[in-house]
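Throughout, protein chains are lettered first and strands after them, A, B, ... in sequence-line order, and every chain is numbered starting at 1.
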Protein chains: 2
Amino acid sequence: MVKKKKQQTLSTEDKILAAARKVFTTKGKAAARMQDIADEAGINKALLHYYFRDKNKLFDTIFLAEAKKFFPRINMIFELEAPLFEKIEKFVAEYVDEMRINPYLPLFVLNEINHDPKRFLQKIWGKGTMPKPEKFLQQLDSEIKKGTIRKIQPMQLLMNMISLTIFPFVAEPMFTYVLRMPDKKFDELMEQRKVEIPQFIIASIKK
Amino acid sequence: MVKKKKQQTLSTEDKILAAARKVFTTKGKAAARMQDIADEAGINKALLHYYFRDKNKLFDTIFLAEAKKFFPRINMIFELEAPLFEKIEKFVAEYVDEMRINPYLPLFVLNEINHDPKRFLQKIWGKGTMPKPEKFLQQLDSEIKKGTIRKIQPMQLLMNMISLTIFPFVAEPMFTYVLRMPDKKFDELMEQRKVEIPQFIIASIKK
DNA sequence: GTCTATAATTTGATAGAC
DNA sequence: GTCTATCAAATTATAGAC
């Protein structure tokens with residue numbers, strides 16, 4: 001018995017959070033209006049300030065929650081104990097699943113980090129969750145020495161893996177336009193990529 | 001004799017454009033302040049409005065110029081008449097060079113498109129420059145049939161190529177932080193990618 | 001063309017009734 | 001907790017002198 005709510009109706013706080021999430025992630029922090037959020041939540045501005053003192057506090061709450069969906073999965077591949085190819089498959093599948101649900105996620109997070117890196121580093125990201133890529137990079141080194149995969153700079157391979165997985169979601173509007181692709185077709189392609197990306201990587205590095 | 005300017009000092013209009021470009025691309029449209037731009041240009045706000053009627057007009061001027069640096073190169077690979085592997089190398093090298101000079105470029109463009117796709121499609125992108133990927137996709141099909149490269153969905157390969165090339169620049173702040181990488185090291189890695197990416201792709205698809 | 005001063009508008013935030 | 005009304009601050013835009 002985890003959830004106590006018996007009603008389907010959300011609490012005011014939850015309505016605000018859902019509305020704020022929608023407005024902030026689609027418009028960005030600077031362009032988001034407190035009035036937009038109030039309208040979206042079906043309440044008035046004063047109530048926003050009652051629950052969350054000001055716009056910055058509300059934004060931080062949302063951003064932190066979204067960043068937690070985005071980053072821990074990168075961490076995961078660094079921590080996970082598994083054979084290399086299995087790790088790659090798992091990483092790609094998890095990320096694609098997350099982003100098919102929340103396609104706005106990477107662009108929102110990357111953009112806000114870019115606009116205010118210091119705030120992000122100091123206030124948002126606690127030192128406890130600092131990712132440690134060393135283990136994964138060492139695993140790559142070790143596989144190269146064993147001769148399982150061809151010689152390649154581990155850092156480059158890591159970048160390739162992350163780029164292949166995340167970028168299409170960052171560039172969705174561009175892709176659907178440049179390639180004249182309906183949203184449904186795009187979503188199908190993303191689903192296929194859970195297989196396509198690991199295949200592409202492994203075909204490139206396996207000896 | 002292309003450039004007529006004999007003085008090193010820029011015209012007021014050029015100073016404004018340079019300042020606006022810097023402020024818009026680093027802060028984004030919504031967070032950019034006319035005062036910031038005036039300060040950066042070393043003039044006052046009134047003069048901004050004298051040269052460009054309002055913020056929207058100024059922004060459109062900047063965005064259009066930046067988008068033109070970003071998109072035509074995608075178009076290039078669609079139009080170019082060359083063997084496949086050569087095309088890939090050329091595409092990657094051109095893009096990486098452009099983005100090493102303007103690392104902010106892809107995130108700025110993709111973000112503003114995302115925040116207002118209709119404005120972008122209707123006002124900014126003329127139908128004349130509409131990219132036509134068909135030729136490139138057909139070339140891939142043809143190479144697969146010839147047996148030069150393994151079976152792969154052309155659309156997926158195209159996405160892979162673009163993702164590998166552009167994403168690191170979108171995610172620079174994340175990479176330099178997560179991988180604890182000084183800016184100089186990042187720039188070195190990007191230079192290497194001009195070779196690394198074509199190698200990575202070709203190793204994956206060549207038969 | 002360029003400036004100072006100021007108007008007009010937008011927007012975040014608060015006071016106070018219910 | 002929730003609302004209406006209002007204030008205060010920030011920001012775009014203009015008027016008018018030089």
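- Taken from CZ in A:F108 to NE2 in B:H115, the straight-line distance is 8.5 Å, to the nearest 0.5 Å.
- Across all strands shown, B:A30 has no heavy atoms under 4.0 Å from either base or sugar-phosphate atoms.
- Atom CD1 of A:I166 is separated from atom CE of A:M99 by 5.5 Å, given to the nearest 0.5 angstrom.
- Between the C1' atom of D:dA13 and the OH atom of B:Y51 lies a distance of 18 Å, rounded to the nearest Å.
- Checked against the 6.0 Å centroid criterion, the rings of B:F24 and B:F63 do not qualify as a close aromatic pair.
- The separation between B:H49 atom NE2 and D:dT14 atom C1' is 8 Å, rounded to whole Å.
- The nearest whole Å value for the distance from the CG atom in A:L47 to the C1' atom in D:dT4 is 13 Å.
- Separating the NZ atom of A:K45 from the P atom of D:dC7 is a distance of 14 Å, rounded to the nearest angstrom.
- Distance A:I43 CD1 to D:dT4 P: 12 Å, rounded to the nearest Å.
- Reading DNA chain C from its 5' end, the first and the last nucleotide to sit under 4.0 Å from a heavy atom of chain B are C:dG1 to C:dT4.
- Remark: B:R33 is in phosphate contact with D:dT12, judged by side-chain N or O atoms under 4.0 Å from OP1 or OP2.
- Within 6.0 Å of CD on B:E134 lie more than 12 heavy atoms contributed by other residues, nucleotides or ligands.
- Regarding A:N44, its CG atom lies at a distance of 14 Å from the C1' atom of D:dT6, rounded to whole Å.
- The line from CG of A:D183 to CD of A:E188 is 11.5 Å long, rounded to the nearest 0.5 Å.
- Nucleic acid contact for A:A31: none, since no nucleic acid atom lies under 4.0 Å from a heavy atom of the residue.
- We find that NZ of B:K57 is positioned 14 Å from C1' of D:dT12, with the value rounded to whole Å.
- Counting heavy atoms of neighbouring residues, nucleotides and ligands inside a 6.0 Å radius, atom NZ of A:K69 exceeds 12 of them.
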